[in-house]
Amino acid sequence: MNLPRVFSLSISIFFALILFVITFTSIALWVAQPLNFTFHQFSYAFILILPLSTWCAWRSRYALVTALQPISATKPYAAASPITPPLNAAFTAAALFIACLLFTLLNANSAFSYSWLLGALGCGVLLLKTTNSSVQQQEKGQFAPPPSMHTVGLCITSLSLIVLYLFSASTNADDTHFVSYVAGLLQHPNSVLFSQDVIFNESLPNHIFALNLGQSWELLIAFTASVTGANHLTLYYFAAPCLLLFFVPWVTYAFLRIFSEKHALLGTIVALVFLIFWSTNNHLHGYFFIPRFFQGKALLLMLFVPLVCTYTLLWCRTNQAQYLLLTGAAIVACGGVSSTGLYVAGLTAGICVLAFSPWRALPLLRNFCLLAIISVPNIVMLGVVKYNIDQTKAYAPVTIIESVLSEGNSAELSASPSPSTQVQRSIHSMYWLFGDHYSLVLILALLFGALIVTSASFREQNAFTLRWLGLIFILCFSHPLASFLANVSGLGNLIWRYHWSTPLSLVIGLSAIALLQNAKGFADFMSSRSMPAIKPALIYLPSALIGVVLCALLFLNAGLLKNKFGTSPMTIKVPTQAMLAASETTKLTSKNDTVLAQALVSQMLPMLPRDAALIASRPLYWEHPYFTKAEITFRRAVQAYTDNINTLTDQQLVAYRNMLLQANVTVVVTFPLSQKTTDALSLHEVSKAGGYNIYRISE
């Protein structure tokens with residue numbers, strides 16, 4: 001028995017099972033929500049989803065271990081004619097790429113309009129020569145597991161990622177509302193799916209979920225927790241990430257091996273090392289890759305968008321219906337793990353269709369029509385999400401705390417400490433998205449280097465590499481286009497989330513492969529036009545570029561990396577002490593209570609099933625129309641008092657006491673207070689946890 005062969009096939013089957021479970025759960029959810037299904041009722045759908053997913057997984061068991069082979073051995077997949085561009089075209093593209101890199105390196109034009117235009121023109125020059133390429137023969141897919149050494153290498157890489165994740169010490173307030181979806185389902189199993197707001201617990205519509213309508217990832221975590229009895233935080237932060245991280249190298253490898261089996265493992269390792277070195281200095285893959293892999297956005301960027309690329313490539317090159325259906329399943333799964341995937345998956349698939357289809361009118365038209373058909377569920381849901389966001393914006397907010405409009409509040413509000421303000425993000429800057437202009441330069445250096453080296457090689461199969469990398473830059477790196485679409489749609493976060501359609505793990509990996517496998521062709525091309533004596537040096541130049549980029553990235557982010565990883569495993573990625581205080585608070589409160597907590601604790605409370613109301617949580621939620629402007633001002637002020645409670649003056653303590661009474665606050669969770677403060681606020685301690693004290697207000 002060939003153990004590596006059996007193991008790789010088992011990996012393929014298991015991942016296919018996960019894919020179809022997410023796909024069918026997403027479709028079922030998209031149907032069930034308009035029909036007002038409860039979480040309890042929806043749970044019965046898994047009686048059908050699980051066996052159907054198992055059957056589909058077995059039918060698609062070779063999905064991750066398929067290699068493309070020519071249909072006929074007499075028609076080898078080799079160059080029929082050179083595709084090397086004229087010398088002036090190659091140098092024109094190189095000049096444009098260098099100008100783009102210089103603009104970026106000098107930190108000019110953060111909107112990336114001029115830089116992008118220069119790079120796009122360079123890509124266009126190289127793409128023109130592939131239009132008439134004769135690489136048009138149909139290929140077929142066949143079961144071909146990775147070589148044994150590659151299987152071992154992939155396993156080691158997978159386990160290394162899991163270890164890195166366990167030692168990651170990064171936490172973020174963004175988790176609050178995502179985990180609150182899970183807590184809400186567990187707390188209200190007989191309510192309509194995702195209808196209950198559990199952030200404030202004030203019987204308000206679940207406005208925050210309008211942004212994430214259709215996500216099934218949190219539903220799957222809640223279902224698993226309800227069936228197994230496991231803690232939902234353990235499932236969300238530990239079990240699911242460790243399981244799915246294992247597949248990241250395999251999914252990346254599945255795409256890269258179609259271009260070069262010899263260099264696929266090395267390309268995979270280069271891509272993942274690049275993303276690890278990038279750390280959290282960006283709002284792309286590195287930001288979500290290891291430190292925050294538990295979120296559905298990470299699954300979208302590192303698993304399912306790359307999977308869309310792989311299946312679209314296989315479908316376009318084989319014309320087999322099974323790969324078309326797998327592409328459709330991956331597109332739906334993208335929307336299931338993150339609502340951003342509803343449009344990102346279609347854009348990425350469209351680029352792949354354009355890159356990997358024969359460049360003739362009829363095949364292109366046929367493939368785009370088929371892509372539109374399998375994208376119908378996502379297109380429909382995209383319309384539903386946009387409608388719900390518009391409905392949320394039009395919602396007439398209510399006043400929960402009736403006394404906030406009283407005349408006496410003006411003095412109390414004016415006496416309050418300044419509320420904490422959110423850091424303003426430069427969302428209109430392409431450099432902010434990539435962390436800084438240096439990081440963007442390094443990525444572009446790899447990408448542009450791969451395009452130049454590939455175009456210099458006398459190999460016709462390089463046409464697909466040129467097309468895909470060139471189109472990815474022209475479309476996915478277009479910050480002007482992203483800004484335009486954000487303005488037209490009214491969705492501000494589209495400015496940066498549009499760029500999530502860039503499968504960066506594949507772009508970096510394929511760029512590395514292109515540099516390595518075309519090094520000799522590049523050296524031959526250059527030395528034949530200059531001094532032959534420099535040929536040995538030219539052969540190692542592409543490899544040197546990869547090394548320089550990785551070293552530069554590590555140098556730039558070494559300090560940040562030190563702060564993102566600890567010396568002991570952290571299984572639940574939340575502020576531990578604040579979560580202990582929040583857990584204790586949920587045990588001591590009931591539906592008759594209203595809680596006011598210090599900032600970190602207030603972020604943890606919505607992540608736990610609880611009955612008590614909450615005055616305030618993460619500042620971002622104030623952007624949603626839960627309350628009137630007057631009440632928002634009041635709640636911000638009372639939260640500011642709480643966050644600065646140990647520095648309040650006597651006048652502020654009196655004002656704070658009045659506001660607590662007006663808001664009907666019964667429980668205050670904060671750092672230990674002096675006797676003077678507790679007396680002034682009529683507080684008595686009932687418990688303590690994680691360095692915080694839990695106080696009740698005396699009657």
Side-chain angles (χ1 to χ4, degrees), residues 165-184 186-187 198-201 218 221-222 225 229-242 291-292 294-295 420 563-591 593-619 621 639 642-646 665-674 677-678 681 683-697:
Y165 173 76
L166 291 176
F167 282 86
S168 167
S170 180
T171 63
N172 194 283
D174 193 42
D175 305 343
T176 304
H177 75 269
F178 287 106
V179 181
S180 77
Y181 301 157
V182 181
L186 295 173
Q187 186 178 348
V198 295
I199 293 178
F200 299 104
N201 259 5
E218 291 78 17
I221 296 294
N231 184 290
H232 66 288
L233 295 176
T234 302
L235 292 173
Y236 185 81
Y237 284 110
F238 175 68
C242 289
R292 297 175 65 194
F294 41 81
Q295 280 195 7
S420 58
N563 297 328
K564 296 301 176 183
F565 296 94
T567 56
S568 59
M570 185 177 182
T571 55
I572 298 181
K573 312 297 183 180
V574 297
T576 305
Q577 302 304 312
M579 179 55 76
L580 288 173
S583 299
E584 183 69 11
T585 302
T586 61
K587 297 175 184 176
L588 298 174
T589 54
S590 66
K591 63 181 180 179
D593 286 312
T594 298
V595 178
L596 183 59
Q598 193 273 339
L600 274 181
V601 179
S602 70
Q603 292 171 13
M604 299 298 102
L605 283 168
M607 302 168 71
L608 301 170
R610 75 183 198 285
D611 297 315
L614 182 64
I615 291 294
S617 187
R618 187 187 179 202
Y621 304 139
Q639 181 67 50
T642 307
D643 293 339
N644 297 277
I645 195 168
N646 282 322
V665 172
T666 59
V667 174
V668 177
V669 185
T670 185
F671 299 114
L673 302 177
S674 65
T677 302
T678 56
L681 298 176
L683 301 177
H684 68 275
E685 181 185 320
V686 293
S687 185
K688 59 178 64 177
Y692 295 87
N693 284 13
I694 302 171
Y695 299 95
R696 276 198 173 272
I697 296 181

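Atoms considered below: every heavy atom in the structure, side chains included; atoms not considered: hydrogens, waters and symmetry mates.
Every residue was checked against the salt bridge (charged side-chain N to carboxylate O under 4.0 Å, His left out) condition with D175, not counting sequence neighbours, and none meets it. With sequence neighbours left out, S687 forms a side-chain hydrogen bond (donor to acceptor under 3.5 Å, both in side chains) with E584.
Under the side chain to side chain contact (heavy atoms under 4.5 Å, CB included) rule, V182 has a single partner from L233, I221, L235, which is I221.
Between D611 and S590, the shortest heavy-atom distance links the atoms CB-C, 3.7 Å.
K573 forms no cation-pi arrangement with F238, by the criterion of a distance under 6.0 Å to the ring centre and an angle within 45° of the ring axis.
Side chain of H232 to backbone of M607: a donor-acceptor contact under 3.5 angstrom is found. Of the possible polar contacts, none joining the D593 side chain to the T666 backbone as a donor-acceptor pair under 3.5 Å is found. At least one donor-acceptor pair closer than 3.5 Å links the side chain of S617 to the backbone N or O of S602. Side chain of R292 to backbone of D174: no donor-acceptor contact under 3.5 angstrom is found. No side-chain donor-acceptor contact under 3.5 Å links N646 to the backbone of L673. A donor-acceptor pair is defined here as one N or O able to donate and one able to accept, closer than 3.5 Å; such a pair exists between the side chain of Q639 and the backbone of A597.
Y236 contributes atom OH, which lies 12.5 Å from atom CD1 of I572 (distance to the nearest 0.5 angstrom). We find the CG-NE2 distance between N693 and H684 to be 12.5 Å, quoted to the nearest 0.5 Å.
A donor-acceptor pair shorter than 3.5 Å cannot be found between the side chains of T586 and S583.
By the 30° and 60° cut-offs, the orientation of the rings of Y237 relative to F294 is perpendicular.
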